[in-house]
Amino acid sequence: MSEGKKLSGAGLRGQSAGETALSTVGVSGSGLTYRGYDVKDLGENATFEEVAYLILYGELPTQAQLDAYKTKLKGLRGLPQALKEVLERIPADTHPMDVMRTGCSMLGNLEAEHNFSEQSEITDRLLAAFPSIICYWYRFSHDGVRIDTETDDDQIGAHFLHLLHGKAPSELHAKVMDVSLILYAEHEFNASTFTARVCASTLSDMHSCVTGAIGSLRGPLHGGANEAAMELIQDMKDEADARDILMGKLERKDKIMGFGHAIYRDSDPRNAIIKEWSEKLAAANGDDRLYRVSVACEALMWEQKKLFCNADFFHASAYHYMDIPTKLFTPIFVCSRVTGWAAHVMEQRSNNRIIRPSADYVGVAPRKVVPIANR
Ligand SMILES: CC(=O)SCCNC(=O)CCNC(=O)[C@H](O)C(C)(C)COP(=O)(O)OP(=O)(O)OC[C@H]1O[C@@H](n2cnc3c(N)ncnc32)[C@H](O)[C@@H]1OP(=O)(O)O
Ligand SMILES: O=C([O-])CC(=O)C(=O)O
């Protein structure tokens, strides 16, 4: 790994805002580790449920622990009737991240965290329920069907695809979803996680912390970039067209979504992994246009700006090849990152001081109120 970027202070860049034992970004290994394990190693040798267990409970599970954890999560996929009724009232043209936010908040009304001793139970429930929440709303609002969210799929990724498409996914699609969830699970003090920690530092409840984090993840500078990347590449006809479109955008000084990173300097280790899976999906799909234009974008951005693809860019083509509607891309990120958010909330709670930085005042000098009649 190269050394971290030299960063100026805006956006709190380069300043340590606390300690964590959960992950390192841009420090060792390929550049991303979860509790000491390289994300590449985890992507090749573990499943998302094992990684979620690692992040939330501190160690990789034994086979018996994993079996029990998966059985538990499977048993938590059903949604309360009151939540289904709320989801049914949300219009089809709502952004799905708003559905996630409302779904999380509503679950907090129905199954509130009364005491921090319930934090792990609440987390496992959210982890199991998020795919059900988004797919129940999507299928009701778009297809008019009330789906049964309690599938027997062994893994969360396959369960999501099953609910979305009404049939069990192929082995390849189930595998790619699983790897994707591993890649998105945790990332130190990113904006949404920091939101969750700030909320936790007031001793607020888990649902509030996660609801706030969803709001932060929604923006195109953070999780929303995978959707924005899809919008960028979807109409590119071929490599030459990709270059022309991007050159035009660079000349207009547009931001190119899916490129650059606040911490990584010359690559995001998650990119190589999801890129490889996107290539495999393209081959299986028989139409590699989206993969090829994505590769052309990657080359041009490096050549012109020394900017590299972050985790989001090749996720766009990968998700598209699995027939996932673009507007559901960022909610999948939530289904994974809830593990990191919750682990950070627990870590914050275990050694808490309210997060309250100072500001440099740049407003007008002290002055007197002029009575309203004289203004
Ligand atoms: C999972 C995730 O959340 S990963 C991030 C997803 N977000 C995106 O893909 C959105 C596009 N990328 C960006 O907006 C930025 O790269 C961010 C938000 C990720 C990081 O922001 P910063 O830390 O401020 O970026 P950084 O300091 O590297 O910027 C350096 C310069 O490169 C430019 N730059 C950075 N990324 C891009 C980009 N994607 N397109 C065009 N220019 C860019 C910046 O505007 C800046 O130029 P300036 O000095 O003339 O203002
Ligand atoms: O770390 C960041 O700033 C954004 C990011 O890549 C993530 O949250 O996965």
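Atoms within a ligand are numbered from 1 in the order they appear, just like the ligands themselves. Worth saying up front: this structure is predicted, and the values here are computed from it rather than measured.
Taking any N or O of L221, backbone or side chain, at least one lies under 3.5 Å from an N or O belonging to ligand 1. Geometrically, ligand 1 and G258 share a nitrogen or oxygen pair separated by less than 3.5 Å. Residue A311 has no nitrogen or oxygen atom sitting less than 3.5 Å from a nitrogen or oxygen atom of ligand 1, judged on distance alone. Between F333 and ligand 1, no pair of N/O atoms sits closer than 3.5 Å. Residue N310 places at least one N or O, backbone or side chain, under 3.5 Å from an N or O of ligand 1. At least one N or O atom of H222, backbone or side chain, sits closer than 3.5 Å to an N or O atom of ligand 1. The N/O atoms of R13, backbone and side chain alike, include one that comes under 3.5 Å of an N/O atom in ligand 1.
Taking the six-membered ring for Trp and thresholds of 30 and 60 degrees, F313 and F259 have ring planes inclined between 30 and 60 degrees apart. Relative ring orientation between F189 and H344 is described as perpendicular, the plane-to-plane angle rising above 60° on a 0-90° scale split at 30° and 60°. By the 30° and 60° cut-offs, the orientation of the rings of F140 relative to Y136 is parallel.
Taking a cutoff of 4.0 Å between a charged side-chain nitrogen and a carboxylate oxygen, R270 and D268 qualify as a salt bridge.
Looking only at heavy atoms of the protein, atom 1 (O) of ligand 2 is closest to H187 ND1, 2.7 Å. Residue, atom and distance of the protein heavy atom nearest to atom 4 (C) of ligand 2 are H261 NE2, 3.6 Å. Protein heavy atom closest to atom 8 (O) of ligand 2, with residue, atom name and distance, is R337 NH1, 2.9 Å.
Remark: T20 OG1 to E188 CD distance equals 7.5 Å, nearest 0.5 Å.
If you look at Y184 next to ligand 1, there are no close heavy atoms at all, none under 4.0 Å. Neither the backbone nor the side chain of A191 has a heavy atom within less than 4.0 Å of ligand 1.
For H315 and Y184, the gap between ring centers is short of 6.0 Å. For Y264 and H187, the distance between ring centers is under 6.0 angstrom.
Using a 4.0 Å heavy-atom cutoff, E188 is absent from the residues neighbouring ligand 2.
A donor atom on one side chain and an acceptor atom on the other are found under 3.5 Å apart for Q155 and E49. For the residue pair H222 and N190, a side-chain donor N or O sits within less than 3.5 Å of a side-chain acceptor on the partner. If you check the side chains of T330 and E227, you find a donor sitting under 3.5 Å from an acceptor.
Among N190, I263, D312, the residue whose heavy atom lies closest to atom 2 (C) of ligand 2 is N190.
Counting the atoms of ligand 2 from 1 in the order shown, those under 4.0 Å from a heavy atom of R270 are 5 (C), 6 (O), 7 (C), 9 (O).
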